[in-house]
S.K.: 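Sharing a structure below in structure tokens format, with a few things to ask.
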Amino acid sequence: MKLINRSNRLLPARDGQLRACLYLRVSTGRQAESDLSIPDQRKSVRAYCTAHGWPVIAEHVEPGASALDDNRPAFQAMINRAEDGDHPYDVIVVHSLSRFFRDALGLEMYVRRLLKVGVRLVSITQEFGDDSAAKMMRQMIALFDEYNSLENSKHVQRAMNENARQGFYNGATLPLGYTLEEIERRGSRVKKRPIIDPVEAETVRLIFKLYRHGDGRSGPLGVKALTCHLNERGYRTRAGARFGVATIHGILTNRIYVGEWGFNKRCSKTRQAKPKAEHIAIAVPPIIASDEFEAVQATLKAHNPRVTPARVVTGPILLTGLATCSTCGGAMTLRTGTSGSGQVHRYYSCSTKGRQGPTGCSGRTIRMDTLDTLVTERLVADLLQPDRLRMTLASLWALRAERATQVDGRVTALRSELATADEKLRRLYRLVENGDDEPDDLLKERLSTLRAERDLARAALGRIRMVNPNPTEIGPELIERFGRLLRENVTSGEIPFRKAWLQAIVDRVEVGADVIRIVGDKESLENALTDSGGEAVTGVRSSVRKWRTRHDSNV
């Protein structure tokens with residue numbers, strides 16, 4: 001009986017044969033899909049084992065995994081099984097050492113780890129024996145394999161960078177709202193570019209509109225409320241799953257929707273950010289207007305509890321979060337003082353001076369009731385009168401008409417998609433009715449696909465009519481009603497309620513030595529008008545959580 005050595009112990013091998021385990025690997029998913037390399041490895045390795053009389057006990061296949069590290073499920077399962085106490089096999093057979101490991105240090109570590117349990121690594125194309133010279137040759141070949149892998153990686157990265165510079169798609173996951181269009185063929189390579197998917201794009205536009213303006217029955221929706229709104233109405237991701245708050249937040253912050261898409265921003269292995277000089281910009285058609293996207297980013301930032309604490313929203317101070325010092329730009333915060341008679345007075349005071357003293361800022365201090373009254377009275381007198389409101393909003397009405405034209409263009413594109421799908425279905429129906437072809441599985445699958453495309457286009461048309469109704473003229477009655485409502489709500493009622501209305505139309509109040517400036521945005525005023533319809537609208541502002549997309553904490 002033949003004896004073999006395991007951990008310095010002589011154990012018999014069954015019938016004098018070495019039991020073999022096969023390890024087959026390719027580096028990329030594309031190689032795995034072509035299904036050529038792994039079958040060829042399997043055929044060659046099995047033939048080698050048969051020639052040596054080694055029964056194949058197990059086979060581990062690793063499709064699309066790099067050998068530069070050991071983060072490979074099948075590889076780890078094989079190593080763990082080799083170290084089991086029942087000693088299931090005696091040799092691990094590979095086509096070449098590069099299939100097992102492409103890192104010289106890693107290869108040597110695992111070879112020695114296997115030898116400790118009596119398992120040898122055998123390469124059918126690189127047989128060296130077991131002496132010291134063979135060990136040296138194995139280490140030299142491992143160094144060459146590692147070098148070739150790094151060089152190949154460098155060349156592939158350079159080719160992908162050039163592909164991106166030419167504006168072509170490199171294989172990243174496309175965000176919702178985009179699909180791929182074939183541009184040209186270069187040999188066996190198909191060059192593609194991202195284009196707008198007119199159906200999914202309507203879902204993206206709906207998400208931005210709901211976050212900024214709401215659904216017409218409430219104020220703007222927060223991230224969580226927006227997620228619930230979409231899921232309750234049957235909206236789904238491209239994969240057919242329900243939306244989550246992280247997905248919605250990712251859509252709202254993805255700059256691809258304003259035509260800014262980049263490649264080579266992070267290392268694919270470590271996920272570490274690369275210098276901006278190495279980033280490559282790829283032109284894509286925008287879905288969201290730049291001003292609308294930036295307004296959403298400003299709102300997200302303002303709702304971050306690290307930027308705007310909850311007390312700014314619900315606290316008892318009317319201008320918290322709005323009043324700023326015109327000298328340093330710092331926030332004006334509450335400071336109290338007591339007079340000789342024991343009466344407590346409240347002041348808005350520059351926070352920079354309060355923290356750093358006069359060297360930080362000369363500072364501003366003004367009585368709270370004085371500033372509150374000045375701001376509300378000037379808003380009522382100068383802005384919220386019907387004639388002034390109409391003049392302020394006049395420049396925006398032309399923009400409304402332009403947006404309506406863009407909506408009509410999107411409707412036309414969706415109708416074209418719907419008509420194309422209907423025509424394809426009619427042709428297939430006629431083919432079946434005339435008996436020209438049997439409705440086999442392939443034809444049934446095609447019919448199902450076309451029906452799904454038609455239904456998606458119909459649903460998108462329905463949504464676009466709901467999300468983008470025909471623009472209605474803002475008449476004098478609506479402006480009068482809105483002005484009256486706003487005048488009442490900023491001058492009377494509970495502080496949080498008054499504060500919510502002020503924050504809807506005012507960005508900041510700059511307090512200077514001689515001048516107080518009230519700064520706002522015309523579009524915010526228009527949104528408040530159209531969302532309210534001249535009626536009181538209640539809403540709750542919410543904060544956005546600190547997102548951890550890589551699950552590096554609080555898993």
Side-chain angles (χ1 to χ4, degrees), residues 219 302 308-354 361-393 479-522 524-529 532 534-539 541:
T308 306
R311 66 178 182 273
V312 173
V313 180
T314 60
I317 306 172
L318 182 63
L319 299 180
T320 303
L322 293 177
T324 61
C325 174
S326 63
T327 301
C328 67
M332 303 285 284
T333 56
L334 175 65
R335 184 174 66 85
T336 60
T338 306
S339 65
S341 62
Q343 185 178 1
V344 177
H345 299 282
R346 292 184 167 190
Y347 300 89
Y348 289 109
S349 182
C350 175
S351 61
T352 304
K353 182 179 180 181
C361 179
S362 57
R364 298 284 179 270
T365 299
I366 185 171
R367 281 180 59 116
M368 179 184 293
D369 53 356
T370 301
L371 184 58
D372 291 350
T373 302
L374 281 172
V375 170
T376 54
E377 285 182 351
R378 298 317 299 175
L379 281 174
V380 168
D382 294 345
L383 176 65
L384 302 180
Q385 299 301 323
D387 291 341
R388 182 61 186 272
L389 277 174
R390 192 176 295 106
M391 291 176 58
T392 304
L393 297 172
I479 292 179
E480 168 63 32
R481 190 163 64 248
F482 173 73
R484 184 174 62 252
L485 174 69
L486 202 52
R487 290 193 297 272
E488 294 172 356
N489 288 333
V490 299
T491 56
S492 62
E494 297 293 329
I495 292 295
F497 184 69
R498 295 171 61 193
K499 185 187 300 186
W501 278 98
L502 277 175
Q503 290 174 339
I505 60 173
V506 175
D507 290 338
R508 64 187 182 277
V509 177
E510 297 178 352
V511 181
D514 304 313
V515 178
I516 296 173
R517 294 183 181 87
I518 303 174
V519 182
D521 181 80
K522 291 180 181 179
S524 298
L525 185 63
E526 184 196 33
N527 293 336
L529 189 154
S532 68
E535 304 295 336
V537 176
T538 59
R541 292 183 62 191

S.K.: Could you grab the distance from atom CZ of Arg378 to atom CD1 of Ile516, nearest 0.5 Å is fine?
M.R.: 10.5 Å

S.K.: Of Ile518, Thr370, Val511, Leu322, which meets side chain to side chain contact (heavy atoms under 4.5 Å, CB included) against Val375?
M.R.: Ile518

S.K.: I need the minimum non-hydrogen distance between Gly330 and Thr352, along with the two atoms involved.
M.R.: CA-OG1, 3.9 Å

S.K.: If you apply the rule side chain to side chain contact (heavy atoms under 4.5 Å, CB included), what do you find for Met332 with Cys325, and how did you get there?
M.R.: CA-CA 6 Å; Met332 303 285 284; Cys325 174; 4.0 Å; yes

S.K.: Which of these, Arg335, Arg367, Met368, sits in a side chain to side chain contact (heavy atoms under 4.5 Å, CB included) with Tyr348?
M.R.: Met368

S.K.: Is there a donor-acceptor contact under 3.5 Å linking the side chains of Thr327 and Arg364?
M.R.: yes

S.K.: With a 3.5 Å distance limit and no angle check, can you tell me whether Ser351 reaches the backbone of Ala331 through a side-chain donor-acceptor pair?
M.R.: yes

S.K.: Could you measure the distance from the CG atom of Asp372 to the CD1 atom of Ile366? Nearest 0.5 Å is fine.
M.R.: 9.5 Å

S.K.: Assess the residue pair Thr336 and Arg346 against the criterion (side chain to side chain contact (heavy atoms under 4.5 Å, CB included)); give the C-alpha distance rounded to whole Å, side-chain angles, the decisive distance to 0.1 Å, and a yes or no.
M.R.: CA-CA 5 Å; Thr336 60; Arg346 292 184 167 190; 4.1 Å; yes

